[in-house]
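A quick write-up on the structure given underneath.
Numbered from 1 within each chain, the chains take letters A, B, ... in sequence-line order. The analysis underlying the following values was restricted to heavy atoms, covering all of them including side chains, and did not include hydrogens, waters or symmetry mates.
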Amino acid sequence: MAKHFISDIVEADLAEGKHARIQTRFPPEPNGYLHIGHAKSICLNFGLAEQYGGACNLRFDDTNPTKEEDEYVQAIKRDVAWLGFDWQEREYYASDYFEQLYEWAERLVEKGKAFVCDLTAEQVREHRGSLTEPGRESPYRDRSVAENLDLLRRMRAGEFPDGARTLRAKIDMASGNLNLRDPVMYRILHARHHRTGDAWSIYPMYDWAHGQSDSIERITHSICTLEFEDHRPLYDWFVAELGIFPPRQIEFARLNISHTVMSKRKLLRLVEEGHVSGWDDPRLPTIAGLRRRGYPPAAIRDFCDRIGVTKQESTVEFALLEHCVREELNRVALRRMAVLDPLKVTLVDWPEGKSEELEAVNNPEDPSAGTRTVRFGRELWIERDDFLEDPPKKFFRLAPGREVRLRWGYVVRCDEVVKNAAGEVIELRCTHDAATRGGGTPDGRKVKGTIHWVNAADAVDAEVRLYDHLFDREDPEAVEAGADFLSALNPASLEVRTGCKLEPALAAATPGERVQFERIGYFVADETDHAPGRPVFNRTATLRDTWARVQRQQGAE
RNA sequence: UGGGGCGUCGCCAAGCGGUAAGGCACGAGACUUUGGAUCUCGCAUUCGGAGGUUCGAAUCCUCCCGCCCCAACCA
C-alpha cells in the first residue's frame, strides 16, 4: 500500500508507543449507495488496519431515520465485501449507542454544558450570527440544571412535537468557528428508525454522535474528509468534557473523477429522474455500477492506491481508472472473438459443408489459461470496420484484392465485393491460402493485418451494450449559466447493439464473467440480464486503439 | 471583511535546507498471428507571485495572489 501523510502519522504513533495497535472504521450513512469515492475511504481505512496490524470496523452512522433504510445497509455491506474487505464481527451502528449517548447528554446537562432550547429552527439560525458577526445567546441558555433535565427527559418521553425544542451544547456563540456556536445535539423526531423502531422520539445529530461513537469503539485514527476539519474542535470538546477515550481525527481530500459526478445528491437525482436505469447502472461511479460494468475489484483497489491520499482538492482523470481496469483485465481476461457489426464473408474456394477445428489461445499473457477450439467454415462474419473498399494509407485490414489474416485461421484475399441495390456492401467473396492454417505464413511473407471473425454456422446472436462517459465534459458542473449538470449528460453514453455474433464459447459465460473481445475491448456478461439462451454483454472498456489515433492524425492533416 | 484548509508538469503525486521521484496522459521508435500487450526514449533550469535569510530554498521568514469548506433541528 502507498505511503502518505496518514500512514506517516500512524507509523509515528506506533513508534512512539502512543498505541499498541490501531483501530480504524469506515462509517457510511445508509442513505444511498456507495461510490468510488467511498472506495477510496474503504481502501484507506481497511488498508491501514491491515498494513499496521490493527482492525477496521464497519459502522453505520444511522442518526437520521428520515433518510435511512435497511436496503442501503444491505447494499453497502455487499459492496464493501465485494471490494475485498472483511469487517468480520465488527458490524456496528451508531444507533447501538443511542442509550449511551443519551446518558452522556444528561451528564453534560448536569455539568451545565448543555441546555434545552425552545427556539425554532429559524430563530436558531438568526441567533447564530453570520460568518463575520458573532451570534447571540439563546434566551433559554441559562435554564437551571433541574429544568433542563426535566425537559430533556420529557423530550425523550415524546411529550413534545417535532421541532419544538432541541438540546444544545453550551459553548461559545462568539466563536469564529460556527460549529462551536451552541450546536444542536438532539432534535425531536417522531420517526420510525430502521433499527430502533419507535423506541426514540429524539435523535442525536451527527456531530453529537460521531465522535462519541468513535470513542466507544476506541478508534485511534478517525479518518474523514476535509469538510469535517472545522468540526474537529467540537468533537474534541465533547470528548474532553465527557472525559472519554480521545480518537484522533485526520482529514483528507475526497475523490473527484472527471466526466462524472460523485455527490450522493446528484447520484440520487440521476437515479430518481430516470436518467440512468438504477443505482447499478454501468455508467454510474457507484460500486454497484462499476461491478455491473465489469470493473474488477482489484482494479479499483489499485486505482485507490495510485491516486494517493492528501489534503489537496483534486480531480483525477477518468483515464487513470480506465488504465487500472485494462491493466488488470489484460492479465486475467480470457480472449474470445465477437463481431459487433457483422459483414458476411464467403470463402468461395472452401467446400460447402466442410468445417475445421482450429486452436485458439485463451490469453497470451497467461499460458496457464490454455487454448480452446474454434470452428472455421465457408461462411464467416467479420467486423464491417475491417473492410474498406477504398482504403486510406496505413489501413492494414481487408480491401479488394488485399490479404488479411483471420485470427487463428487462414490468410484470405478479397476477390469480389457484393452490394445491394442501395450500393451497400453486403458480402465479401474471398479465397483462402490453404498453407496458412492457424495463421502462419510458411513462405515467410508478411501479412500485416489480423482481424477477428466468427464462424457463421455456429455463431450465437447477442445483445451488446456499449458504454461511454455519462457526461460529455470533464466537469459536468461546467455548464451554461442557468443550466445544471443534467445538461452535460452525454446522449451517446449508451448504445445497444443487437444481432452481434459471438463465438459459441461466449454463450456459456456465467453472469458477471469478464472477457476480452479480441481487438475490441473488455466485456462482461451482464449480471442480471445475461442468460444462456439470451447472451447480453456490457462493454467495460475499449482496447487502446492506435488505428483510431492514426485516423485522427490523418484527419487533422 | 470571521474561522479552517490548500497552492510542485495537461491530470494525480513524491519532496521536510543540499540543488525537482513515480504514475496517468501525450509524442517518437522497437517488437507483435489482438493496429492489444510489452520494451526503449522524450516530456517542470523549475515548484502561485514578490521580497528576504542562507555558501545553498519547492523546502525557513515576510507580504501579496488564487482556489475550496463552514451560517441544516443533514451527514
Considering residues at least two apart in sequence or located in another chain, which fulfil the salt bridge (charged side-chain N to carboxylate O under 4.0 Å, His left out) criterion with A:Arg306?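 Residues passing salt bridge (charged side-chain N to carboxylate O under 4.0 Å, His left out) with A:Arg306: A:Asp302, A:Glu327.
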Any side-chain N or O of A:Thr315 below 4.0 angstrom from OP1/OP2 of B:C11?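 Checking A:Thr315 against B:C11: no side-chain N or O falls below 4.0 Å of OP1 or OP2.
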What nitrogen or oxygen pairs link the protein and nucleotides 73-75 of chain B at under 3.5 Å?
from	atom 1	to	atom 2	distance (Å)
B:C73	OP2	A:Arg128	NH1	3.4
B:C73	OP2	A:Arg128	NH2	3.3
B:C73	N3	A:Gly163	O	3.2
B:C73	N4	A:Leu119	O	2.7
B:C73	N4	A:Ala121	N	3.0
B:C73	N4	A:Gly163	O	3.1
B:C74	OP2	A:Arg187	NE	3.2
B:C74	OP2	A:Arg187	NH2	3.0
B:C74	O3'	A:Arg187	NH2	3.3
B:C74	O2'	A:Asn64	ND2	3.1
B:A75	OP1	A:Thr63	OG1	2.7
B:A75	OP1	A:Arg187	NH1	3.4
B:A75	OP1	A:Arg187	NH2	3.0
B:A75	OP2	A:Tyr206	N	2.9

Name all residues meeting the side-chain hydrogen bond (donor to acceptor under 3.5 Å, both in side chains) criterion together with [X]; count only those two or more places apart in sequence or in a different chain, and write none if there are none.
X	value
A:Lys266	A:Glu477
A:Thr315	none
A:Lys3	A:Asp8

Any N/O pairs under 3.5 Å between the protein and nucleotides 1-6 of chain B? List them or say none.
from	atom 1	to	atom 2	distance (Å)
B:G2	N9	A:Leu131	O	2.9
B:G2	N2	A:Gly176	O	3.1
B:G2	N3	A:Leu131	O	3.0
B:G3	O4'	A:Gly176	O	3.4
B:G3	N2	A:Asp230	OD1	3.4
B:G3	N2	A:Asp230	OD2	2.6
B:C6	O2'	A:Gln312	NE2	3.4

Produce a footprint string for nucleotides 32-42 of chain B: one letter per nucleotide, 5' end first; B if the base is under 4.0 Å from any protein heavy atom, S if only the sugar-phosphate is, - if neither. BBBBBS-----
Which residues pass the ring pair (Phe, Tyr, Trp, His ring centres under 6.0 Å) test with A:His432, sequence neighbours left out?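 Expected list: A:Trp350, A:Tyr410.
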Any pair counted as salt bridge (Lys or Arg N to Asp or Glu O under 4.0 Å), so long as it reaches residues 115-130 of chain A, sequence neighbours left out: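 As it turns out, the salt bridge (Lys or Arg N to Asp or Glu O under 4.0 Å) pairs with a partner in residues 115-130 of chain A, which skip direct neighbours, are A:Asp118-A:Arg143, A:Asp118-A:Arg165.
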For residues 313-324 of chain A, pull every pair meeting salt bridge (Lys or Arg N to Asp or Glu O under 4.0 Å), keeping only residues two or more places apart or in separate chains.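 Residue pairs passing salt bridge (Lys or Arg N to Asp or Glu O under 4.0 Å), neighbours aside: A:Glu322-A:Arg326.
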Could you pull out all residues at least two apart from A:Thr310 that satisfy side chain to side chain contact (heavy atoms under 4.5 Å, CB included)?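 Side chain to side chain contact (heavy atoms under 4.5 Å, CB included) check on A:Thr310 returns A:Gln312.
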Can you name the side chain to side chain contact (heavy atoms under 4.5 Å, CB included) partners of A:Ala174, sequence neighbours left out?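 Result, side chain to side chain contact (heavy atoms under 4.5 Å, CB included) vs A:Ala174: A:Pro134, A:Asp172.
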